[in-house]
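Have a look at the structure below before the remarks.
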Protein chains: 2
Amino acid sequence: MADDTYYMKQALMEAVKAAEQGEVPVGAVVVCRDRIIGRGHNLTETLNDVTAHAEMQAVTAAANTLGGKYLNECTLYVTVEPCVMCAGAIAWAQTGKLVFGAEDPKRGYQKYAPDALHPKTIVVKGILADECARLMKDFFKKKR
Amino acid sequence: MADDTYYMKQALMEAVKAAEQGEVPVGAVVVCRDRIIGRGHNLTETLNDVTAHAEMQAVTAAANTLGGKYLNECTLYVTVEPCVMCAGAIAWAQTGKLVFGAEDPKRGYQKYAPDALHPKTIVVKGILADECARLMKDFFKKKR
């Protein structure tokens, strides 16, 4: 069985796709019973839509795969701590487990909405945090 | 010039559409320079997607109309206080003004993420609050 590091690498691959399109490099995958059932990477610039975060797309894709909108038996892997919007979506989906890489002290849900997640959602932080953060830092360094 | 009550009635018409489809009746419109540039009603059941709230769709539609993702010169009217997810989206869009009808003490952003909105967003509450709340109460009464 693949572990959290394996799936975070998959999320990182999504984040790289975002970077290649000039998007803030955040990637996400949703896993259910050891199978990736949804993927997403940030597309806010490409789609001209603030709601097009990696997690939102992965959650929507996973629900499409499952044919049901609840992800209580799924794990969402995302390279960067979700923002308030995404935390709200992760909560509505009653996501079973959330695994994120780098923390986002400026925009992350932990600061603005620490109780936003569903009470049953298990949270694991810091998986491949350095790789996830480095991708972000490199992106913003190039932007300057 | 139309006022907040006029546009909230438009949002209520969207909410009625949701109710007619068996959806929790929440509706939203985005107004820019006295013109409605985005509409949305809750479609979470129909689309099988927790992210398909009225506000999310109105924000996405408005950005499509404008060809830009920021709504700083726009007002979002929504019949019920936005949830954490929608408040996050409203913040990312840097929405100029948010007007909502009924409060939502259980799921509203004011409880879980009181600082989630953009600091420059003007908030007006309670426009047609009774009508907005009645639509919700009637819906849940029928559901029981």
Problem - B/Met56 side, atom CE; A/Met85 side, atom CE - distance, nearest 0.5 Å - result: 5.5 Å
Practice task
Following the transitive rule for hydrophobic clusters with a side-chain heavy-atom cut-off under 4.5 Å over Ile, Leu, Val, Met, Phe, Trp and Tyr, establish whether A/Leu98 and A/Val26 coincide in one cluster.
Solution key: yes
Exercise for the section: Heavy atoms only, distances under 4.5 angstrom: which of B/Ala91, B/Cys83, B/Pro114, B/Ala63 has the most pairs with chain A? Name it, please. Expected result: B/Cys83
Exercise for the section: Could you state whether B/Val84 and A/Val50 fall into the same hydrophobic cluster, counting links through intermediate Ile, Leu, Val, Met, Phe, Trp or Tyr residues with side-chain heavy atoms under 4.5 angstrom apart? Expected result: no
Exercise for the section: Please check if B/Val16 and B/Met8 belong to a single hydrophobic cluster, counting links between Ile, Leu, Val, Met, Phe, Trp and Tyr side chain heavy atoms closer than 4.5 Å. Expected result: yes
Practice task
Using the rule that two of Ile, Leu, Val, Met, Phe, Trp, Tyr join whenever any of their side-chain heavy atoms come within less than 4.5 Å, decide whether A/Leu71 and A/Val123 are in one cluster.
Solution key: yes
Please tabulate, one pair per line, the N or O donor-acceptor pairs under 3.5 Å between chain A and chain B.
unit_1  : atom_1 : unit_2  : atom_2 : d
A/Glu45 : OE2    : B/Lys69 : NZ     : 2.9
A/Asn48 : OD1    : B/Lys69 : N      : 3.1
A/Asn48 : ND2    : B/Gly67 : O      : 3.2
A/Asp49 : OD1    : B/Thr60 : OG1    : 3.3
A/Asp49 : OD2    : B/Thr60 : OG1    : 3.1
A/Thr60 : OG1    : B/Asp49 : OD1    : 3.3
A/Thr60 : OG1    : B/Asp49 : OD2    : 3.1
A/Gly67 : O      : B/Asn48 : ND2    : 3.3
A/Lys69 : N      : B/Asn48 : OD1    : 3.2
A/Lys69 : NZ     : B/Glu45 : OE2    : 2.9

Problem - Max heavy-atom pair count under 4.5 Å with chain B, selected residue of A/Ala116, A/Ala62, A/Gly68, A/Ala52 - result: A/Gly68
Exercise for the section: Report the hydrophobic cluster partners of A/Leu47, with the cluster defined as I, L, V, M, F, W, Y residues connected by side-chain heavy atoms closer than 4.5 angstrom, directly or transitively. Expected result: A/Leu43
Handout entry: Part of B/Ala87 lying under 4.5 Å from any heavy atom of chain A
Key = neither
Practice task
Indicate if B/Val31 and B/Leu128 have the same hydrophobic cluster label, given that clusters are the connected sets of ILVMFWY residues with side-chain heavy-atom separations under 4.5 angstrom.
Solution key: yes
